[in-house]
Amino acid sequence: MTDPWSRRGFLRTTAALAAAPALAVADPAAAAEELPGFPAEVPLYRTGYRNWTGEITATGLWACAPARAEQVVDVVNWAWRAGRRVRARGASHGWSPLTIPDGTPPDAPVLLVDTAPHLTGLALESPSSVRAGTGVTLEALLTFLEEHGLGLTAAPAPGVLTLGGALAIDAHGTAVPADGEGRRGGHTFGSLSNLVLSLTAVVWDEGSGAYRLRTFRRDEADCAALLTHLGRGFVTEVVLRVGADTRLRCVSRTDIPAGELFAAPGRGGRTLASFLDRSGRAEAIWFAFTEHPWLKVWSVAPTRPAGSREVTGPYNYPFSDSLPTPVADLLGRLVAGAAWYLAPALGVAQYEAAVLGLAATGSGDIWGPSKNTLLYLRPTTLRVHTDGYAVVTERARVQEVVAGFTAYYRRLLTAYAARGRFPVNGSVEIRVTGLDDPADVGVDGARAPLLSALRPVAGRPEWDTAVWLNVLTLPGTPSAEEFLRELERYVLGTYDGGAGLARVEWSKGWGYTGRAAWSDPEVVERAVPASFGDGAWTRAAGILDRLDPHHVFGNAFLDRLLP
């Protein structure tokens, strides 16, 4: 038998995770017997579910792929009457149990509704807006925009994400205004949710006693809850505000020590804040047990700078999309032999692969349309567990946040290693964005997303920036949950409303006990709601409950989070 965690087995498993879930169209007679009255024009099939890392899986669930929004309504009304819950599924590129909790059995009263096969329409609504189905991928959306001279300021790195999934969890990129830079029309430095002009969702209609489609404008109070609904809604289509595309230069640096890049404020040098001041767009990837992070710095460049290589498509770091041999060999040894002490060697191997890969592919200095430098992660990249937090603070304190977090992380990692424990074998990733200013969409009375981590904090207008903090490690790494719990306590305890306010990143890991994520009742049921303040959480929960009083759009985890 082949060892699944040998190098070859590891790569085979990675490829399997990247594959789309297998679909087996159900026998109509069998489906009719088990799901009587299901809309005849919507084919049913059995399918598995697997989240990004395979930490949450299910097999044999009923699923369907409606061809149009009206069929979604038919399916939802059937599910309501049949006592089933509907879970929208796009790319399944997430970590947290917002779609389904782990352990969901095949006979669970759940129906997956796949959006990616058909809800993918794209059309210009105006010279500065686009109408998009929520099943469209971000790569398809950005490609369409580029063809029309349009684009976004920032976007998540994976292009495979569906738009509906991205909006449900306030997906973001990394960008703040550089010194002297103003926001361009049609753009935002906040989340993708902040670009929504209107959305169409399936909601309960008291008058007809059934679910129906309804379009919500950005200035409507109910829209604010649906802009980032966490899976407690079903949005079928959106209209997004967009602006003129820009060409971006992305320069990678691997020569700056972490002690300098993440230094405490006032020490000068090549700090992360200094790069933000100059270009506004930066991301740091710091492999565990190494000293030099991989820093990416984007800058607006209308014409190709001397020395930059023009790129005509996205995903320009192939060495990070498929594991180089030294990295794969170490991973195989680490997991197969439970040799977690190899984490320092793995960190060095990942750093060296980045250095050599940048040189070998000529991707250390690239330039092109925004899409081609913003999208850089394929589904074949190494799949790791990651926690996630956003610290909302003022721009002048970004370096303070980064310095404090990285110093605590380094001390904690060193202390664990001294006891022979190696809970992190991936990296720390740091991004910085603006907040969700509703004025960016140009609609009088526009509302900020109620449940976005980038929602402005009432009474703190000086807090205009968010620092995103992630720690990545292989699923199943011993002591990882305990380590991440200590980090979480540091973040939530340090930024509790004084120098900033910490909020969880919805799609990632949070709410850690010493053994599992999303399990600490203090975080899940109290700290997370409290982090939104000014009644936002209560208002959002009330709106979502009114729009779906039967909780058709929900699961056991969401019942705890948004009771």
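FYI, side chains are in, hydrogens and waters are out, and symmetry mates aren't considered; it's all heavy atoms of this structure.
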Does any non-hydrogen side-chain atom of [Y] lie less than 4.5 Å from one of [X]?
X: L167; Y: L227; answer: no
X: L44; Y: F38; answer: yes
X: E125; Y: R241; answer: no
X: V552; Y: V76; answer: yes
X: L35; Y: R84; answer: yes
X: D222; Y: R546; answer: yes
X: T115; Y: R89; answer: no
X: D548; Y: W204; answer: no

Would you check if the side chain of [X] reaches a backbone N or O of [Y] as a donor-acceptor pair within less than 3.5 Å?
X: R460; Y: P456; value: no
X: S129; Y: S126; value: yes
X: H229; Y: A168; value: no
X: R281; Y: W298; value: no
X: R46; Y: G60; value: yes
X: D436; Y: S191; value: yes
X: E488; Y: Y512; value: yes
X: D321; Y: R378; value: yes
X: T381; Y: L377; value: no
X: R184; Y: A244; value: yes

Shortest non-hydrogen separation from [X] to [Y] and the atoms involved:
X: L484; Y: H385; value: CD1-CD2, 3.9 Å
X: T494; Y: Y490; value: OG1-O, 2.7 Å
X: A210; Y: W80; value: CA-CZ3, 4.4 Å
X: A63; Y: D114; value: CB-OD2, 4.3 Å
X: K508; Y: N470; value: NZ-ND2, 3.8 Å
X: T162; Y: A116; value: CG2-CB, 4.4 Å

Under 3.5 Å side-chain donor-acceptor pair for [X] and [Y]:
X: N194; Y: R218; answer: yes
X: S370; Y: D245; answer: yes
X: E34; Y: W62; answer: yes
X: H172; Y: E505; answer: yes
X: S452; Y: S193; answer: no

(request) Using the side-chain contact (heavy atoms from CB on, under 4.5 Å) rule, take N77 and V75 through it: C-alpha gap first, then chi angles, then the decisive distance, then the call. (result) CA-CA 6 Å; N77 277 313; V75 166; over 6 Å; no
(request) Describe, in one word, how the ring planes of Y211 and F553 are oriented to each other, choosing from parallel (under 30°), tilted (30 to 60°) and perpendicular (over 60°). (result)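 Correct class here is perpendicular.
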(request) Assign the ring pair W510 / F557 to parallel, tilted or perpendicular, where the plane angle (0 to 90°) is split at 30° and 60°. (result)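 Geometry flag for F557 against W510: tilted rings.
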Could you measure the distance from the [atom1] atom of [X] to the [atom2] atom of [Y]? Nearest 0.5 Å is fine.
X: D387; Y: T473; atom1: CG; atom2: OG1; value: 10.0 Å
X: L248; Y: N372; atom1: CG; atom2: CG; value: 10.0 Å
X: F234; Y: L226; atom1: CZ; atom2: CG; value: 12.5 Å
X: L152; Y: T246; atom1: CG; atom2: OG1; value: 9.5 Å
X: L150; Y: L240; atom1: CG; atom2: CG; value: 11.5 Å
X: E429; Y: T174; atom1: CD; atom2: OG1; value: 11.0 Å

(message) I need the single residue from D440, D464, D437 that forms a salt bridge (charged side-chain N to carboxylate O under 4.0 Å, His left out) with R183. Which is it?
(response)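 So the option named by the test is D440.
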Is it true that [X] and [Y] have a side-chain N and a carboxylate O under 4.0 angstrom from each other?
X: D534; Y: R455; answer: yes
X: E220; Y: R447; answer: no
X: R515; Y: E481; answer: no

(message) Show, in sequence, the C-alpha distance, side-chain angles and deciding distance for E237 and R131, and conclude whether the salt bridge (charged side-chain N to carboxylate O under 4.0 Å, His left out) test is met.
(response) CA-CA 7 Å; E237 185 180 68; R131 182 177 295 273; 2.8 Å; yes
(request) Flag yes if more than 12 heavy atoms outside E41 fall under 6.0 Å of its CD atom; otherwise flag no. (result)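 More than 12 heavy atoms, drawn from other residues, nucleotides or ligands, come within 6.0 Å of this atom.
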With a cut-off of 3.5 Å and sequence neighbours excluded, list every side-chain donor-acceptor pair involving residues 96-113.
{"unit_1": "S96", "atom_1": "OG", "unit_2": "W506", "atom_2": "O", "d": "2.7"}
{"unit_1": "D102", "atom_1": "OD1", "unit_2": "T57", "atom_2": "N", "d": "3.3"}
{"unit_1": "T104", "atom_1": "OG1", "unit_2": "P101", "atom_2": "O", "d": "2.7"}

For residues 132-146, dump all side-chain donor-acceptor pairs below 3.5 Å to protein atoms at least two apart in sequence or in another chain.
{"unit_1": "T134", "atom_1": "OG1", "unit_2": "V235", "atom_2": "O", "d": "2.9"}
{"unit_1": "T134", "atom_1": "OG1", "unit_2": "T236", "atom_2": "O", "d": "3.3"}
{"unit_1": "T137", "atom_1": "OG1", "unit_2": "A140", "atom_2": "N", "d": "3.1"}
{"unit_1": "E139", "atom_1": "OE1", "unit_2": "Y315", "atom_2": "OH", "d": "2.8"}
{"unit_1": "T143", "atom_1": "OG1", "unit_2": "E139", "atom_2": "O", "d": "2.7"}
{"unit_1": "E146", "atom_1": "OE1", "unit_2": "K371", "atom_2": "NZ", "d": "3.3"}

(request) Would you sort out whether S198 and T215 count as a side chain to side chain donor-acceptor pair (under 3.5 Å), showing the intermediate values? (result) CA-CA 7 Å; S198 67; T215 298; over 6 Å; no
(request) Evaluate the side-chain contact (heavy atoms from CB on, under 4.5 Å) criterion for residues V202 and L213: first the C-alpha distance (whole Å), next the side-chain angles of each, then the deciding distance (0.1 Å), finally the verdict. (result) CA-CA 5 Å; V202 182; L213 291 172; 3.8 Å; yes
(request) Please say whether the positively charged group of R503, taken as NZ for Lys or CZ for Arg, lies over the ring of Y389, i.e. under 6.0 angstrom from the six-membered ring centre and within 45 degrees of the axis. (result)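 Ring-cation test returns no.
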(request) Dump the intermediate steps for side chain to side chain donor-acceptor pair (under 3.5 Å) on T433 and W468, then the final yes or no. (result) CA-CA 8 Å; T433 68; W468 296 86; 3.0 Å; yes
(request) Can you sort out the partners of H93 under ring pair (Phe, Tyr, Trp, His ring centres under 6.0 Å), two or more places apart, ordered by chain and number? (result)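 H93: ring pair (Phe, Tyr, Trp, His ring centres under 6.0 Å) contacts with W52, W95.
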(request) Report the C-alpha separation of R214 and D205 in whole Å, then their side-chain angles, then the decisive distance to 0.1 Å, and conclude whether the salt bridge (charged side-chain N to carboxylate O under 4.0 Å, His left out) test is met. (result) CA-CA 9 Å; R214 178 180 158 193; D205 178 53; over 6 Å; no
(request) Please step through salt bridge (charged side-chain N to carboxylate O under 4.0 Å, His left out) for the pair R85 and D559, ending with a clear verdict. (result) CA-CA 12 Å; R85 307 188 91 170; D559 290 345; 3.0 Å; yes
